[in-house]
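A short write-up of the structure that comes next.
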Amino acid sequence: MSSRDPPPLLPPLDESPTDEVSHLVHLAPPSRRPKKKPSELSLASNSSRSLTLDRDGNPMTKVGEVPIDLLQSLYLSNPTTGGTPPSSRPTTPAQHEQVLQHHQSHSLAHARSRSADSAVSEFAAWPRSVVHSSRQTFPPVKRLAVKDRKRILVTGGAGFVGSHLVDRLMCLGHDVVVLDNFFSGSKLSISHWGGHPNFELVRADVVETFMVEVDQIYHLACPASPKAYQHNAVKTLKTNFMGTMNMLGLAKRVKARFLLSSTSEIYGSPEEHPQKETYWGNVNCVGPRACYDEGKRVAEALTYGYHRQDNVDVRVARIFNCYGPRMNSSDGRLVSNFIVAALRGEDLQIYGDGTATRSLMFVHDLVTGLIKLMSSSYTDPVNIGTEDEATVAEWATLIRDKVEEMRDRGEIALCVASDDEDGEEEVLGEGEGEEEQEDKLVLAGLERPRGRRSEIVYVDAVVDDPPRRRPDTTRAKEVLGWKPTYSIEAGIEETIRYFSAIESESASY
Ligand SMILES: O=C(O)[C@H]1O[C@H](OP(=O)(O)OP(=O)(O)OC[C@H]2O[C@@H](n3ccc(=O)[nH]c3=O)[C@H](O)[C@@H]2O)[C@H](O)[C@@H](O)[C@@H]1O
């Protein structure tokens, strides 16, 4: 294992792109916001949240039809992440009341007063109505006419992508049934919908048959991180074959439209670059990744078998590397591993020489693409991804630098050291010398040197790691009118904020 900094593959800021690989990864120069004193930081405070800018540099107010503030409040306000909308964690009764009002549902079952000045009020503007449940704190959902309201099954709905899809479908006013076995998903990701009249959660495994009357099935169930899907290769294969067959059988029986979440991994180690949907792939069918790659390939084959033979109405999304809040800190993927390591001041480990490329996409863009595909009449496979291709070494540098930049701006806490006598969390931060910080860490019983600069180190390569990956997204643009909207900076910053909140929260226990 060697320890050295990666070659400077990122082009200097503001310089025009020159080569094929690093042409799209540009970070805006650090903003000149005033630094916050450590005492002003709260764990997952949204008060320091910056505007979310799209790829043209314009502030985003909605994702799909849903207010961006509302979506963000579903993960940065989650009790497990310690934050609360609209600003910081409430400490006084008045603040508690404000937070309660923010979350009170506008649905038929949950009355609340209107707040005139937020995007949420426009989204959920209908009169007070009867309260049928003691639960008072649902996020607002749109009221749809019965003819527009769909009954939708989301398999894997408690997973990383699934939970964001469920949020969007719920906010849009649909009836959602989540089926999950919680192998890699988490109840906490969707707990904010528990008890809502439009929402049902079923603990079940797609390898068993399951019956429900629905109009649409989003079939996402399957561990997605290489570490998770290789953990039990046979189960991954069963999930992809038997699970997909069961859900297609259900779609056939209840005449539901069926969407398969497939993957760029079906292209394997691609000989065509970028990858078009017409490319047949180059997969090692006996390697350690085969359980997932071949599993998804057979899932696609099944999907088109049911389509041709039984007229099942199908959609296939080939998803390219997606990241965002609610990724599991320990699931082993590039973005989560690098962010968590940088926040902890640990080394970022690159498997191999760092020249493999990936094109990363923020999860909200993916969800928009999935919903557009489901709503379209297009039945052939569609790549959903960005063309933001960079090497793993470049992503590591970018993520580490971004974590440091956000810390310098006072947007994320350096570390939670201890609770003082009146129960207030104390945050280590700028202005404190390294020694002072180390002392506090020792006092707090935290052995990790969380304030130190992370190194980027190189370790052994993993077997069959695809050397490059970039989607050709012409089809998504043409048939769905879809293109990614999140800038790299906005997506990475939001994900860092999320993991920072998670880390702070776990350090405070
Ligand atoms: O999204 C996709 O298209 C597919 O590919 C990913 O698989 P992979 O690209 O290997 O994802 P990561 O585990 O995030 O790895 C990306 C690259 O970073 C490298 N990496 C990852 C983590 C790390 O700590 N260090 C490191 O160098 C990997 O070796 C690989 O070259 C996902 O895990 C799949 O679920 C998904 O279907």
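Worth knowing before you read on, the calculation uses all heavy atoms, side chains too, and leaves out hydrogens, waters and symmetry mates. We count ligands from 1, going down the list as the structure has it; atoms in each ligand are counted the same way. This chain uses plain numbering: 1 for the first residue, then up along the sequence.
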Under 4.0 angstrom from ligand 1, any heavy atom of [X]?
X	answer
Tyr323	no
Arg318	no
Lys296	no

Write out the residue and atom name of the closest protein heavy atom to [atom], then the distance separating them to 0.1 Å.
atom	answer
atom 28 (C) of ligand 1	Asp465 OD2, 3.5 Å
atom 7 (O) of ligand 1	Glu265 OE2, 3.0 Å
atom 37 (O) of ligand 1	Thr263 OG1, 2.5 Å
atom 25 (N) of ligand 1	Gln349 O, 2.8 Å
atom 24 (O) of ligand 1	Asn337 ND2, 2.8 Å
atom 26 (C) of ligand 1	Tyr351 CD1, 3.4 Å
atom 16 (C) of ligand 1	Arg358 NE, 3.6 Å
atom 3 (O) of ligand 1	Ser264 OG, 2.2 Å

**Prompt:** Does any N or O atom in Tyr229 lie less than 3.5 angstrom from one in ligand 1, N or O only?
**Reply:** no
**Asked** For Ile319 and ligand 1, does the shortest N/O to N/O distance drop below 3.5 Å?
**Response** yes
Out of all atoms in ligand 1, which are within 4.0 Å of some heavy atom of [X]? Include the element for each.
X	answer
Phe338	23 (C), 24 (O), 25 (N), 26 (C)
Arg469	2 (C), 3 (O), 4 (C), 5 (O), 6 (C), 7 (O), 8 (P), 9 (O)
Ser225	33 (O)
Phe320	1 (O), 3 (O)
Arg289	7 (O), 8 (P), 10 (O)
Pro226	7 (O), 10 (O), 13 (O), 33 (O)
Tyr292	35 (O), 37 (O)
Ile350	27 (O)

**Heavy-atom closest contact (Ile488 atom, Tyr323 atom, distance)** = O-OH, 3.9 Å
**Item:** Minimum-distance pair of heavy atoms, taken over all atoms of Ala233 and Cys291
**Value:** O-CB, 3.4 Å
**Message:** Going by salt bridge (Lys or Arg N to Asp or Glu O under 4.0 Å), name the residues that satisfy it together with Glu271, two or more places apart in sequence or in a different chain.
**Reply:** none
**Prompt:** Above 12 or not: heavy atoms from other molecules or residues under 6.0 Å from CD of Gln230?
**Reply:** yes
Check for a donor-acceptor pair, side chain of [X] on one end and backbone N or O of [Y] on the other, with a separation under 3.5 Å.
X	Y	result
Asp347	Gln349	no
Glu65	Lys62	no
Thr155	Ala221	yes
Arg407	Leu343	yes

**Message:** Angle between ring planes, His219 versus Phe258, binned at 30° and 60°: parallel, tilted or perpendicular?
**Reply:** tilted
**Message:** Centre-to-centre under 6.0 Å for His364 and Tyr75, is that the case here?
**Reply:** yes
**Prompt:** Arg333: what forms a side chain to side chain donor-acceptor pair (under 3.5 Å) with it, not counting sequence neighbours?
**Reply:** Asp331
Side chain, backbone, both or neither: which part of [X] has a heavy atom under 4.0 Å from ligand 1?
X	result
Leu334	both
Asn321	both
Trp395	neither
Ala224	both

**Asked** Side-chain contact, heavy-atom cut-off 4.5 Å: Asn321 with Arg469?
**Response** yes
**Request:** Go through the steps to decide whether Ser264 and Arg318 satisfy the test side chain to side chain donor-acceptor pair (under 3.5 Å), and finish with yes or no.
**Result:** CA-CA 6 Å; Ser264 64; Arg318 291 187 181 151; over 6 Å; no
**Message:** So that I can tick it off, tell me whether Arg151 and Glu200 are bridged by a salt bridge, with the cut-off set at under 4.0 angstrom between side-chain N and carboxylate O.
**Reply:** no
**Item:** Pair Glu300 + Arg297: basic N to acidic O under 4.0 Å
**Value:** no
